[in-house]
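Notes follow the structure.
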Amino acid sequence: MGQEGILSHGCSAAGRQPGPRGAALLTPPGPLPPPQPRPGHAAPPPRRPPRRATSPRAAARPQRQVEGERRRLRSASSCGSRAVTAMAPRRLAAPVPGAALLLLPLLLVAASAGLSGYFGTKSRYEEVNPHLVRDPLSLGPVAAGSRLPAACAPLQLRAVLRHGTRYPTTGQVRRLGELHARLLRRPAAAAACPAAADLAAWRMWYEESLDGRLAPQGRRDMEYLARRLAARFPALFAARRRLVLASSSKHRCLQSGAAFRSGLGPSLSLDSDEEEVEVNDSLMRFFDHCAKFVALVEENDTAMYQVNAFKEGPEMRKVLEKVASALCLPVEDINADLVQVAFLTCSYELAIKNVTSPWCSLFSEEDAKVLEYLNDLKQYWKRGYGYDINSRSSCILFQDIFQHLDKAVEESRSSKPISSPLIIQVGHAETLQPLLALMGFFKDDEPLKANNYIRQMHRKFRSGRIVPYAANLVFVLYHCDQVKTSKEEFQVQMLLNEKPMLFHHSNETTSTYADLKDYYKDILENCHFKEECELPKVNITAIDEL
């Protein structure tokens, strides 16, 4: 069932009020300090004790500065964010002056129909929440039918986040350097190719040392997300509430966790020492510890058969020929991987630097759709529904979520304080995608394959709409008074990227906790990580295909 049409609660994190119902959930907290932009491999064994990483403490600013920044962020003249100009013929040379700022909304609308909607897992968070382009603290429009009864109060929030916008990995930087070097070595006659000339003149500024680290925009992604969640659930994010903050061991996740904490200001207390973030790879990088997944999917060349077949198929061949022609290179000199890295460089330049890269000029919207499908094929077969072990390996995280929800229910029934009202965990797209597949979301009737690109044009499984940078899956447990039955006393909402999701069993955006547990009873009782991930004792020649 597609979730794209379900929108989130409406108001701004800085003070616009919702309708009468749900005001307790949406009333903004007191002033929060504005974000402080800062500069900016192998997983440890499963039994290694958790490491701790130090995150900077957010420093409060005077109230006048806070309000000044809020006004600046909401200003229509600044549009509060990065301009989306993926299809512009050249990069912007200078800030847009004067009355020309009035044209920015038109540019944003035009660009949304260009390349930026097809970047897959390298998509900006604003692609799924366009209202954040104008106001990064906005909570967006009100979702019809998503409100809880007025007598419901949130008890616990459990959020699994993807890190914010990052730099390319070392492998991507190397492939880009290889392609750029070929353009620099092109024959003199190729000067007649304007695209090749522009790209040869482009400065290769990416360095291998960046290797997937969090970009400054990624820090802002997480700081603003923290402030929006605090505005949605002020009772949970109130002063002196306990916050448990955990992360993958990857640097980009640790920095994202620190940025999230910074966005909340100094009022919350953390799990132990205020400066610490727990590393928990057993939950945030469960896939690294699943021997069956590693052997049969991660390290198995044949597992990506559909991906490799699409790279050699007619759709990709057409894109390769077009790019080779634009660059005045023989088509034999480039391959699908080099074309894909050129496309992703377009996405990185937009997400990280807010510029329209000359690499974007190589692609049309139709090309972008083909390259998005290539990315989605990889996600589908490596992290989604392609193989059962992809999703089954995440049951350890799924069960941990429900164990904490169970504990909060029991504490509420015993009239005890909720020991962990806020649990925030920072991982990867590879953390969220298997978990959502385990729960049955974004599943198409027909598997994604190399030979059904046209039939999948309207697929549900579009990774850029599901797990962009800063993607977030939030479980909120409520206690409700004045209910007709005891089963209705505890209810749950799930939000993906701040939008309420429809539960499969009810087709509603709220569910009783009992009904939700009953729907996922088999996973909760019969999905055991050790057994699921144990390698068979006999040789296997085939993978458990869907």
Side-chain angles (χ1 to χ4, degrees), residues 1-8 117-125 127-130 143 146 159-162 286-287 293 297 304 306-307 310 368-369 371-395 397-398 401 427-450 452-475 492-509 511 516 519-520 522-523 527 545-546:
M1 177 182 306
Q3 301 291 334
E4 291 83 351
I6 306 298
L7 297 177
S8 58
Y118 304 103
F119 289 144
T121 53
K122 307 302 182 291
S123 295
R124 305 172 314 154
Y125 190 66
E127 299 303 325
V128 295
N129 285 308
S146 65
V160 181
L161 317 180
R162 184 191 179 192
F286 51 79
F287 41 89
F293 169 79
V297 181
M304 295 298 106
Q306 297 294 338
V307 179
F310 189 74
K369 291 177 181 179
L371 290 162
E372 179 197 30
Y373 192 68
L374 176 61
N375 181 280
D376 287 348
L377 274 173
K378 180 180 177 181
Q379 292 297 315
Y380 185 90
W381 290 97
K382 195 171 185 178
R383 306 295 177 182
Y385 292 104
Y387 303 110
D388 288 341
I389 190 58
N390 296 348
S391 59
R392 299 293 285 184
S393 62
S394 72
C395 63
L397 174 57
F398 183 78
I401 291 169
H428 308 264
E430 298 88 344
T431 309
L432 281 168
Q433 192 71 78
L435 180 62
L436 288 164
L438 183 72
M439 299 177 71
F441 290 104
F442 305 102
K443 186 174 184 179
D444 293 283
D445 295 334
E446 181 180 1
L448 276 64
K449 293 186 176 181
N452 62 2
Y453 167 70
I454 297 298
R455 294 197 301 274
Q456 293 286 9
M457 291 295 286
H458 301 289
R459 63 191 178 278
K460 299 172 185 175
F461 193 93
R462 293 187 65 192
S463 58
R465 303 296 178 89
I466 304 170
V467 286
Y469 292 127
N472 50 91
L473 179 63
V474 177
F475 295 78
V492 182
Q493 274 190 328
M494 285 198 314
L495 289 80
L496 178 65
N497 301 326
E498 303 177 73
K499 300 173 185 177
M501 301 185 76
L502 293 173
F503 290 104
H504 293 304
H505 61 280
S506 65
N507 207 34
E508 300 288 344
T509 59
S511 169
L516 184 63
Y519 183 76
Y520 290 114
D522 180 66
I523 299 174
C527 186
E545 287 198 28
L546 181 69

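The chain is numbered in sequence order, starting from 1. All values below come from the heavy atoms of this structure, side chains included, with hydrogens, waters and symmetry mates left out.
Counting all heavy atoms, side chain and backbone alike, Ser394 lies closest to Pro434 at OG-O, 3.5 Å.
Val160 has its side chain out of reach of Val474: every pair of non-hydrogen atoms, C-beta onward, lies at least 4.5 Å apart. Considering only heavy atoms from C-beta on, Asn497 comes within 4.5 Å of Pro468 through its side chain. Here the side chains of Phe287 and Thr431 are in contact, with some heavy-atom distance below 4.5 Å. Side-chain contact check for Asn472 versus Leu496: every heavy-atom pair is 4.5 Å or farther apart.
Atom-to-atom distance recorded for Leu473:CG and Glu498:CD is 12.0 Å, nearest 0.5 angstrom. Of the inter-residue distances, the one linking Phe293 atom CZ with Ile389 atom CD1 reads 8.5 Å to the nearest 0.5 angstrom. Between the CD1 atom in Ile454 and the NZ atom in Lys369 there is a gap of 9.5 Å [rounded to 0.5 Å]. From His504, atom NE2 reaches atom OG of Ser511 across 12.0 Å, with rounding to the nearest 0.5 Å. Arg465 CZ to Ser123 OG: the interatomic distance, rounded to the nearest 0.5 Å, is 8.0 Å. Atoms CD and CD, on Glu508 and Gln493 in that order, are 11.5 Å from each other to the nearest 0.5 Å.
The aromatic rings of Tyr373 and Phe310 sit perpendicular, their planes meeting at an angle over 60°, well past the 30° parallel limit. Classified by interplanar angle (parallel below 30°, tilted 30° to 60°, perpendicular above 60°), the ring pair Phe398/Tyr520 is perpendicular.
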>> If you apply the rule side chain to side chain contact (heavy atoms under 4.5 Å, CB included), what do you find for Phe503 with Thr509, and how did you get there?
In response: CA-CA 6 Å; Phe503 290 104; Thr509 59; 5.8 Å; no
>> If you apply the rule side chain to side chain contact (heavy atoms under 4.5 Å, CB included), what do you find for Lys460 with Lys443, and how did you get there?
In response: CA-CA 6 Å; Lys460 299 172 185 175; Lys443 186 174 184 179; over 6 Å; no
> Does the pair Asn452 and Glu446 meet the rule for a side chain to side chain contact (heavy atoms under 4.5 Å, CB included), with working shown?
Replying inline: CA-CA 9 Å; Asn452 62 2; Glu446 181 180 1; 3.2 Å; yes
>> I'd like to know whether Arg124 forms a salt bridge (Lys or Arg N to Asp or Glu O under 4.0 Å) with Glu127, so could you lay out the CA-CA distance, the side-chain angles of the two residues, the decisive distance to 0.1 Å, and finally the verdict.
In response: CA-CA 6 Å; Arg124 305 172 314 154; Glu127 299 303 325; 2.7 Å; yes
>> One pair to check against side chain to side chain contact (heavy atoms under 4.5 Å, CB included): His505 and Leu516. What are the steps and the verdict?
In response: CA-CA 8 Å; His505 61 280; Leu516 184 63; 3.9 Å; yes
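Within a 6.0 Å radius of NZ in Lys382, other residues, nucleotides and ligands contribute more than 12 heavy atoms.
Partner Arg459 forms a side chain to side chain donor-acceptor pair (under 3.5 Å) with one of Asp444, Asp445, Asp376 and no other, that one being Asp376.
Taking the six-membered ring where the residue is Trp, the centroids of Tyr125 and Tyr469 are separated by 6.0 Å or more.
At distances below 3.5 Å, not a single donor-acceptor pair connects side-chain atoms of Gln306 with backbone N or O atoms of Gly386. Checking side-chain atoms of Asn390 against main-chain N and O of Gly384 turns up a donor-acceptor pair under 3.5 Å.
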